[in-house]
Amino acid sequence: MADPFPNPKISFPTVAPSILAADFSQLSAQIKLAAEGGAKVLHCDVMDGHFVPNISFGPMVIEAVRKDFPELFLDVHLMIENPDHYIDAFVDAGSNLITVHIEVDRHINRTLSKIREAGLRCGVAINPGTSLSMLDEVLNSVDLVCVMSVNPGFGGQAFIPSTINKIKRLVEWRKQTNAMFAIEVDGGVSLKNAEKLTAAGTDILVAGSSVFNAEEIPHRVRDLFQKAIIGNSERV
Ligand code: DX5
Ligand code: ZN
């Protein structure tokens, strides 16, 4: 399996600010600040108000971000029903990687193939209440597994502690199956848990409110990177 993030500027562990928490009245300026702090991957939370009880944004925002930030790796997280119907639109908008939820896609294999055939990287996401065993048939066909550490729909929620153990089990499973996916955690990530998360095996820390609610956005991204690197060095 190819490295899910072919961009040589991206190495693991990494911090992927989630624009869901950004001030949309100055989105470009906010993303610029996150990039100044070292962010190379941007997490884009797409919500349809059906799969999750919130509506966020669609391909147009991805397109606008791509225009302003050609160098950023856009990690697009689809929290939507019928993701299959929208893959082309998010591909055309300039996504680099598209993640769909295992809970919502009856034809997940077809969706993942469609993302891959478009030349993008593909990911699968699972909610806190979903067992890892649901990933049985897709683990070897994804570049990324996004483990939700909050119930999806809103930023700023409390981190669900059992996620740490779930990450450890997923790392074990990846070793046993020789799969090559990156492990991403999404929801409630902060300076308090970043080190523990990468020590447990997380490759990508998605951080929304921790980044965009900070006084100094670049500083906060740098601090999260530092914690992530320390945790990574503690991996057993
Ligand atoms: C689902 C979203 C959020 C967001 C991160 O609700 O995916 O998890 O990315 O938000 P914070 O970092 O504010 O919890
Ligand atoms: Zn997300």
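When a ligand or atom number is given, it counts from 1 through the structure's own listing order. Numbers here are sequence positions counted from 1.
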I need the atoms of ligand 1 closer than 4.0 Å to a non-hydrogen atom of [X], numbered in the order shown.
X: G156; value: 11 (P), 13 (O), 14 (O)
X: P152; value: 1 (C), 6 (O)
X: M79; value: 1 (C), 7 (O)
X: M148; value: 1 (C), 7 (O)
X: V150; value: 8 (O)
X: A207; value: 12 (O)

Looking only at protein heavy atoms, which one is nearest to [atom], and how far off is it?
atom: atom 2 (C) of ligand 1; value: D45 OD2, 3.5 Å
atom: atom 10 (O) of ligand 1; value: G155 CA, 3.5 Å
atom: atom 12 (O) of ligand 1; value: G208 N, 2.7 Å
atom: atom 8 (O) of ligand 1; value: D186 OD1, 2.9 Å
atom: atom 14 (O) of ligand 1; value: G188 N, 2.8 Å
atom: atom 13 (O) of ligand 1; value: S209 OG, 2.4 Å

Using 4.0 Å as the upper bound for N to carboxylate O, is an ion pair formed by [Y] and [X]?
X: K168; Y: E172; result: no
X: R116; Y: D143; result: yes
X: D223; Y: K192; result: no
X: R66; Y: D92; result: no

- Which part of S18 is near ligand 1, with near meaning a heavy atom under 4.0 Å away: side chain, backbone, both or neither? side chain
- Query: Looking at the Zn ion (ligand 2), which N/O/S atom of D45 is the nearest one?
  - Reply: OD1
- What N/O/S atom of H77 is the closest to the Zn ion (ligand 2)? ND1
- Message: Rounded to the nearest 10°, what angle sits at the Zn ion (ligand 2) between NE2 of H43 and OD2 of D186?
- Response: 100°
- Would you say ligand 1 has an N or O under 3.5 Å from any N or O of L20? no
- Distance-only N or O hit between ligand 1 and H43, under 3.5 Å: no
- Message: Before you tell me yes or no, could you show the steps for D45 and S56 under side chain to side chain donor-acceptor pair (under 3.5 Å), namely the whole-Å CA-CA distance, both residues' side-chain angles and the distance that decides it to 0.1 Å?
- Response: CA-CA 7 Å; D45 282 311; S56 61; over 6 Å; no
- Query: Hey, is the main chain of F181 close enough, under 3.5 Å, to the side chain of R174 for a donor-acceptor pair?
  - Reply: yes
- Query: Is it true that a side-chain atom of N193 and a backbone atom of S190 form a donor plus acceptor pair closer than 3.5 Å?
  - Reply: yes
- Working to the nearest 0.5 Å, report the span between CG of L197 and CD1 of I204. 12.5 Å
- Message: Before you tell me yes or no, could you show the steps for N232 and T198 under side chain to side chain donor-acceptor pair (under 3.5 Å), namely the whole-Å CA-CA distance, both residues' side-chain angles and the distance that decides it to 0.1 Å?
- Response: CA-CA 5 Å; N232 196 50; T198 52; 5.7 Å; no
- Decide yes or no for F51 and P83: does some side-chain heavy atom of the first lie under 4.5 Å from some side-chain heavy atom of the second? no
- In terms of its nearest heavy atom to atom 1 (C) of ligand 1, the top option of A16, C146, G187, G153 is G153
- State whether C44 contributes an N/O/S atom found under 2.8 Å from the Zn ion (ligand 2). no
- Message: Less than 3.5 Å apart, any donor N or O on the side chain of H107 or D84 sitting next to an acceptor on the other?
- Response: no
- Take atom CD in Q176; do more than 12 heavy atoms of anything else shown fall under 6.0 Å from it? yes
